[in-house]
Amino acid sequence: MPALFDGLKRILVGRPFRTERLKRKPLPPRIALPIFSSSALSSLAYAPDEILLTLAMAGVAATLLSPQVGLAVLLVLLVLVFSYRQSVAAYPSGGGDYEIVRTNLGPRSGAVVAAALLVDFVLTVAVSSTSAAQYVAAVIPALKDEKALVASVIVAVLVIGNLRGRGQGRWALAIPVYLFVAGMLLLILWGAVLAMTGSLGMAPSAELQIRPEQEFSTGLQGMAGALLILRAFSTGSAALTGIEVPISNVHTLSKPRARNAGRILLVIGVLSGVLTLGTLFLARTTGVKVVSDPQQSLLRDGQPVGPEYMQAPVLTQLAEAVFAGAGLGVILVAVLTIGVLLMAGNHAFNSFPNLASHLAGDGFLPRQLRTRGDRLGFSNGILALGLAAIAVIFAFKGDVTILVQLYVLGVFVSFTLSQAAMLRHWSRILVQVTGRAARAAVHRKRLLNLVGLVLSALVLIVVLITRFTHGAWLAVVGILLLMAIMESLSRHYRQVDSELAVDFTQEATALPARVHALVLVSTVRKPVLRAIAFARASRPSKLEAIMVDVEAAKTERTLADWQQLQIPVPITILASPYRTIADPLIDHIRSIRRVSPRDLVVVYIPEYVVGHWWEQLVHNQTALRVKNRLHHEPGVVVASVPWRLLSTEAGGSEESSAHH
């Protein structure tokens, strides 16, 4: 069975890599740009949908405001892009928001950002996978009711791909993003040309009407209307996710790193803004309609469209309108969109394990997350992210709308704290600067981060107000729970480090006065004889065999065999009125320790080495229970003495020969 698992692992993951392969050439901008922009650009697959879907709650007329909402999102996007360009120049080490906040606002604030980012990465994978599942269903309608399953399969594929680690080619990650950008620019530009010439077709949903929800039956009026627009803005802010990626990966770029990262940030901001606005304007022109409950809220001739209607994503509907319903064009747009969504999820599988590794190094997460696997990736972090994403997908049944609401909150928590940390950074720098021109430059930088702080904080407040009861509270709970876990682990590691620290001013720990060896005996068999031989070879100060009297007949047979073989070790029989092994043994050990507190007690326990997984279920169970109890006893060392059964190999071992 171990050989089978190892073979399966090699098929899925591949052969192990040597540590030397960790050294990789820096990323040139032409490759780094698509890799770092995948998260931001992939939001085009769902951010316009969520804006239109939210506005549609107030009817068709409200959806006409989608470009204006997009312009507001673009304003925040540009401010954050220029703010992060300053952050890149000030902190080019690649630590990202976590490093910036931890350095300027302290470890506790750093833990908040770290928790928000970890939740953000989980939701990046969940949102990207569920959105990709929607586009798969648009091409293969038979899968429309299996979106959660399809999304989970996508996550599993990403897990396996990232466990393979360094085998991934850089251009293989870059080309899908380049193709997506080219395809979307072609779609938008060609749609604009057709619109100006009056030959642009209408979207498949253009002929349908929208039934407004009861509270918006009169349209966008009063406080309810204002809140709905704010909700659309907060959901559309998902288009800003991923713009912080370059600052967390500056160290992977070719020189000059900070300048290249700043340029990449600017290009990402421009592309994201152009594509999002272009999509929203084209959607309004072609009459695209998307709603949260299409079977009931979309009407045809005044009647609900019914369960047979399948709502297609915005990009798919635009492709049908621009390419006049050509199936190849629709499929091409869907495939390109699925490709960029997979790249966004794939990048999260790089960012999450790296951040988790940093946090583990700082004592906020289990230190196993720092361990690299066979292919040099942080395998434990990759598996943890995959399992968490699949759990989230099934918990929310693959509903993109709910997941996006969770997604935005975590993103803007890190944005807001990062901008506040940069304000603290510039205030500290300002004290050290003397020249008028230099001080003026610092003041301008601080002002930009102040504007970024205000805008990101406003978006965060809007998300909390408008989306708290619609799912955002779950993200808050997730962040707080993760923070509590991180703080608890940090306290634990500090306590353990303090407890285990060596005091170099004192003498080394005194050696034990004597070694008292015990061999645990159940019957007289070859494993027991080997354990006795090992114990005698260690030359302890005192050696005795211990048998717990659970069955009187078995004890008598063992004593008779012991005398017949004339084993030169005294055997002690311990009474066990309640038929337990561990309790009488521990009482005996404690009596030894009471008489000689400085004695070391070594307990030799024979154990079988088995060849089949099911054999472990029927062997060694008593030994495991005894060992677990003995590990809590001070001054006691447990020595396992292995005996290989025939099932471990076909032949050739000394044990196999002995059996024959």
Side-chain angles (χ1 to χ4, degrees), residues 9 12-14 16-17 19 21-24 27 32 35-36 38-39 93-99 102 110-111 113-129 154-170 172-173 241-242 244-253 342-393 407 410-411 414 478-479 482-483 485-486 489-490 493:
K9 179 181 178 181
L12 294 176
V13 178
F17 285 152
T19 305
R21 292 195 62 167
L22 274 174
K23 298 177 181 178
R24 300 192 70 182
L27 287 171
I35 292 177
F36 293 171
S38 59
S39 294
S93 63
D97 288 336
Y98 173 62
E99 178 191 4
R102 181 179 174 83
V113 167
L117 287 173
L118 291 175
V119 171
D120 179 31
F121 292 137
V122 172
L123 291 170
T124 296
V125 176
V127 170
S128 298
S129 301
I154 291 172
V155 174
V157 171
L158 291 174
V159 168
I160 294 172
N162 280 274
L163 287 176
R164 295 186 68 86
R166 302 279 164 170
Q168 297 175 346
R170 295 177 172 186
L173 302 177
T241 57
E244 79 287 353
V245 168
I247 192 174
S248 301
N249 294 273
V250 185
H251 59 291
T252 65
L253 292 171
L342 290 178
M343 293 305 101
N346 185 77
H347 194 272
F349 274 99
N350 179 59
S351 299
F352 179 98
N354 284 331
L355 176 58
S357 175
H358 283 299
L359 292 170
D362 290 340
F364 286 109
L365 287 179
R367 288 173 179 166
Q368 292 89 336
L369 292 172
R370 300 179 66 186
T371 304
R372 291 187 180 272
D374 287 352
R375 306 281 282 193
L376 301 179
F378 295 108
S379 302
N380 292 330
I382 292 169
L383 291 171
L385 175 58
L387 292 173
I390 290 174
V392 168
I393 289 169
Y407 190 20
V411 172
S414 60
I479 292 172
L482 194 52
M483 281 179 56
I485 293 172
M486 290 166 62
L489 282 172
S490 179
Y493 279 131

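Every heavy atom of this structure was used, including side-chain atoms; hydrogens, water molecules and symmetry mates were not.
L158 and S129 get closest at one heavy-atom pair: CD1-OG, 4.5 Å. Nearest heavy-atom pair, A348 versus T124, reported as atom, atom and distance to 0.1 Å: CB-CG2, 3.9 Å. Among all heavy-atom pairs drawn from V159 and I382, the shortest one is O-CG2, 3.9 Å. When all heavy atoms of R170 and I35 are compared, the pair lying nearest together is O-CD1, 4.0 Å. Minimum interatomic distance between A389 and V125 (heavy atoms only, all atoms of both residues): CB-CG1, 3.6 Å. Closest non-hydrogen pair, H347 versus S38, comes out as CB-OG, 4.0 Å.
Residues F36 and L27 meet the side-chain proximity criterion, which asks for heavy atoms closer than 4.5 Å. In this structure, L118 and L359 have side chains that are in contact, with non-hydrogen atoms separated by less than 4.5 Å. Taking the side chain as every heavy atom from C-beta outward, D120 and F352 never approach each other to under 4.5 Å.
Within the model, atoms OG of S128 and CE of M343 stand 10.5 Å from one another, a figure rounded to the nearest 0.5 Å. A distance of 9.0 Å separates CG in L117 from OG in S351, rounded to the nearest 0.5 Å. Taken to the nearest 0.5 Å, the CD atom of E244 stands 6.0 Å off from the OG atom of S414. Taken from CG in L173 to CG in L342, the straight-line distance is 11.0 Å, to the nearest 0.5 Å.
Under the 3.5 Å distance criterion, with hydrogens and angles disregarded, a donor-acceptor pair is assigned to the side chains of E99 and S93. The closest side-chain donor-acceptor pair between D362 and Y98 falls under 3.5 angstrom. N350 and N162 share no donor-acceptor pair across their side chains, judged by distance under 3.5 Å alone.
Taking the ring axis of F378 as reference, the NZ or CZ atom of R370 does not stay both within 45° of it and closer than 6.0 Å to the ring centre.
Annotation: side chain to side chain contact (heavy atoms under 4.5 Å, CB included) contacts of S248 (sequence neighbours excluded): none.
Each of M483, M486, H358 was evaluated against F364; a single residue qualifies, M486, per the side-chain contact (heavy atoms from CB on, under 4.5 Å) test.
Side chain of Y407 to main chain of F121: no donor-acceptor pair is present (N/O by atom type, distance under 3.5 Å, no hydrogens or angles). A donor-acceptor contact shorter than 3.5 Å links the side chain of T371 to the backbone of Q368.
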